[in-house]
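The structure appears below as structure tokens.
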Amino acid sequence: MMLFLETIFAFPVVIYTTLLLLCIIFWLIGAIDIFQLDSLDISPEGDVGSLNALGGILLKFKLHEIPFTVVATFVALFAWLASYLIFRMLQMPMKDVALLYYGVGLANVLASGVVGLVATSIFFRPFNKWLSKLNKAVTHKDILGEVVIVRSSIVNAEKGEATYEDGGAGMILQVRCLNENNQLTRGSEAIIIKYHSANHHYEVIPKKKYF
């Protein structure tokens, strides 16, 4: 047991141990429904280059149809397993030679990350066709005029988040309202009136104002 603990908290296994623990904590907090993402409401006008790069990686490995949090969890799991095995088989015997030990450790980080992506891609490949059909069931045009439930503390011209019940797992949408006095708060109902493709968000209006 001690050897196992020493390994998972040794460099570089500790990197993927930490990522995996963060993913587990995320799912545990989400499971008891106390996790709110208001403080993490990232504006689409942010680092577009990074988002495009991440999207390109997911597309290359055929993971773009899978929710990002699920992808991150499985990548962290498979990368952690790979890092653990590489450490035990290759890196640990070199612990007395610092240069080789850390050199192999750096290679371990990169190799394990690639293994995590490839293994996750292979694992989810049988589900890609089904997920593709599921995701195409609802388009931007389909939900214009539909009612959504606000899940953020506020909705204004710069930030906001809402959920739309599509008959399946539901959708989390980035929403904006140009009326600053809209009184939209968590739990309020709003109506989608427009989709802004440039910034990937929906414009909404309060439902109670019109009905």
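The basis for the numbers below is simple: all heavy atoms, side chains too, and nothing from hydrogens, waters or symmetry mates.
- Summarising the geometry of L184 relative to V204, their closest heavy-atom pair is CD1-CG2, 4.2 Å, with the distance given to 0.1 Å.
- For the pair E161 and R151, the salt-bridge criterion is met [side-chain N within less than 4.0 Å of a carboxylate O].
- By the 4.5 Å heavy-atom criterion applied to side chains, I154 and K159 are counted as neighbours.
- In this structure, L99 places its CG atom where only 12 or fewer heavy-atom neighbours from other residues, nucleotides or ligands lie under 6.0 Å away.
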Checklist entry - Taking it one step at a time, do Y101 and F11 satisfy ring pair (Phe, Tyr, Trp, His ring centres under 6.0 Å)? => result CA-CA 9 Å; Y101 179 85; F11 174 81; 7.3 Å; no
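- Here the shortest heavy-atom pairing between F78 and G116 reads CB-CA, 3.8 Å.
- Counting only heavy atoms from C-beta outward, the side chains of V114 and L110 never approach each other to under 4.5 Å.
- The shortest side-chain heavy-atom distance between W80 and I15 does not fall under the 4.5 Å cut-off.
- Not one N or O on the side chain of S83 forms a donor-acceptor pair closer than 3.5 Å with the backbone of S112.
- The closest side-chain heavy-atom distance from W27 to V70 is below 4.5 Å.
- Shortest non-hydrogen contact noted between Y195 and L144 is N-CD2, 4.0 Å.
- Hydrophobic clustering (side-chain heavy atoms under 4.5 Å, transitive across Ile, Leu, Val, Met, Phe, Trp, Tyr) groups L19 together with F9.
- Counting heavy atoms from C-beta outward, L173 and V148 have side chains that approach closer than 4.5 Å.
- For the residue pair L178 and A157, the shortest heavy atom distance occurs at CD2-CB, 4.3 Å.
- For F4 and Y84, the ring centers are positioned less than 6.0 Å apart.
- Connection of L22 to V13 is not established within any shared hydrophobic cluster, with ILVMFWY side chains joined at heavy-atom distances below 4.5 Å, either directly or through further cluster members.
- Between the CG atom in L21 and the CD1 atom in I8 there is a gap of 7.5 Å [rounded to 0.5 Å].
- Between the CD atom in E165 and the CD1 atom in I149 there is a gap of 8.0 Å [rounded to 0.5 Å].
- Residue R88 comes nearest to P93 through the heavy atom pair O-CD, 3.9 Å, listed as atom of the first residue, atom of the second, then distance.
- Counting heavy atoms from C-beta on, the side chains of S188 and T185 come closer than 4.5 Å.
- When only modelled atom types and interatomic distance are considered, H196 and E203 share a side-chain donor-acceptor pair under 3.5 Å.
- Taking the charged nitrogens against the carboxylate oxygens, K207 and E189 do have a contact shorter than 4.0 Å, which makes a salt bridge.
- For the atom pair CE of M92 and CD1 of I86, the computed distance is 13.5 Å after rounding to the nearest 0.5 Å.
- Expressed to the nearest 0.5 Å, how far OH of Y164 lies from CD of E146 amounts to 4.0 Å.
- Hydrophobic clustering of Ile, Leu, Val, Met, Phe, Trp and Tyr side chains at less than 4.5 Å, counting indirect connections, unites F123 with V118.
- Here M89 contributes atom CE and N108 contributes atom CG; the two are 9.5 Å apart, rounded to the nearest 0.5 Å.
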Next on the checklist: Working note: V71 + F124, criterion side-chain contact (heavy atoms from CB on, under 4.5 Å); need CA distance, chi angles, decisive distance, verdict.
Outcome noted: CA-CA 9 Å; V71 172; F124 282 107; 5.6 Å; no
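- Minimum interatomic distance between V109 and Y16 (heavy atoms only, all atoms of both residues): O-OH, 2.6 Å.
- Judged by distance alone, with hydrogens and angles left aside, the side-chain atoms of N182 form a donor-acceptor pair with the main-chain N or O of V155 at under 3.5 Å.
- Taken from CG in L20 to OG1 in T73, the straight-line distance is 8.0 Å, to the nearest 0.5 Å.
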